[in-house]
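First listed ligand is number 1; within each ligand, the first listed atom is number 1. Any value given below was found using the heavy atoms of this structure, including those in side chains, with hydrogens, waters and symmetry copies removed.
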Amino acid sequence: MKFNHRHVLSMEQFSAADIHAVLDTAENFLELNSREIKKVPTLRGRAVINFFFEPSTRTRTSFEIAGKRLSADMLNLSGSSSSVVKGESLVDTALTLRSMNPDIVVVRHSHAGAPHLMARHVGAHVINAGDGQHQHPTQGLLDLMTVRQRFGQIEGLKVAIVGDILHSRVARSDLIGFQKCGAEVWLCGPPTLLPPEFARFGARMTYNLEEALTGAHVIILLRVQAERMNSAFFPTAREYSQRYGLNSEKLKWARKDAVVMHPGPMNRGVEIDPSVADGAHSLILRQVENGVSVRAALMMMLLGGGDRPRGDA
Ligand code: CP
């Protein structure tokens, strides 16, 4: 299937067929991940700039590993070490990078829309690695991959997204992606973190965790994003944990074969109890593993490198 996308900016741009094509390509990449020599020449001679204006462990590292396994030249640039700190605008930064002719620029930024602005000026393919509270499409895709791997399908599953919906770009990307693929999505959190306008996305909404979890195949817990909160959204972390944190007892409300996911980083003891994070239902580390494959797939597909990594470097 032809991949007709110049950039990866939002889950909204993808059809269900696009999503499954990316996941199929990512599945092909898993085999490379398990080889002793994990390198193929698919993107040899291509340059990818990882430009992160916000902290990241999983996303930045997985783009770098994926690019290196495909033999791309990977360059890491952080907002704090760039001339942005001297007052250079994002547009001037994009035009400067454009002069060096990169093939892909991966952007994480605290402002929604920053990757879109970069895409208009940088002259390369842009992948949104998370912009403010807006979107995190590669996280959405790796979450879909993880669920499809476990259940063999996405259509017809009940997916409960629980926690700090208001501040979560993951919630927005997951909500759109899972709905496009035919899942029934429930959003659950305290009223201060679950704004009514989310109803326009067509999700089921509840403030009651038991209702959200009952019959759920997939539970996606979200981090309480203290760094994006400038006022109190709930009385105490302890109270949040009692009402919305997932422990082994509350997990029994879901299906016996339910899986628990979290984009990370986790606040252990707040939104997730360690017994669940490290328990048999948890796919949290599988999500991280799949992140490498999804990001490799997207880079290959954007650069027309086929649907599977070929040959040895
Ligand atoms: N899920 C996620 O975006 O994690 P990082 O912030 O570590 O990249």
Measuring only between side-chain heavy atoms, which start at C-beta, is L144 closer than 4.5 Å to C181?
yes
Under 4.0 Å, heavy-atom basis, I'd like to know which part of E54 is in contact with ligand 1: side chain, backbone, both or neither.
neither
Hey, is E31 close enough to R69 for a salt bridge, meaning N to O under 4.0 Å?
no
What atoms of ligand 1 come closer than 4.0 angstrom to any heavy atom of T57?
5 (P), 7 (O), 8 (O)
Report the nearest protein non-hydrogen atom to atom 4 (O) of ligand 1: residue, atom name, distance rounded to 0.1 Å.
R58 NE, 3.1 Å
Between P263 and ligand 1, is there a nitrogen or oxygen pair with a distance under 3.5 Å?
yes
Side-chain heavy atoms under 4.5 Å apart, restricted to Ile/Leu/Val/Met/Phe/Trp/Tyr: what other residues fall into the cluster of M118, or is it alone?
L9, I49, F51, F53, L75, L77, V84, L90, V91, L95, L97, V105, V107, L117, V122, V126
Just so I know, are the side chains of R243 and L209 near enough to count as touching, which here means a heavy-atom distance under 4.5 Å?
no
Side chain to side chain contact (heavy atoms under 4.5 Å, CB included) involving P195 - partner list, sequence neighbours excluded
L166, E197, F198
Which ligand 1 atoms are under 4.0 Å away from a heavy-atom of G264?
1 (N), 2 (C), 4 (O)
State the atoms of ligand 1, each with its element, that fall below the 4.0 Å cut-off from a heavy-atom position in T59.
2 (C), 3 (O), 4 (O), 5 (P), 8 (O)
Heavy-atom nearest option to atom 3 (O) of ligand 1, drawn from R108, R60, R223
R108
d(M266 CE, E271 CD) to nearest 0.5 Å is 8.5 Å
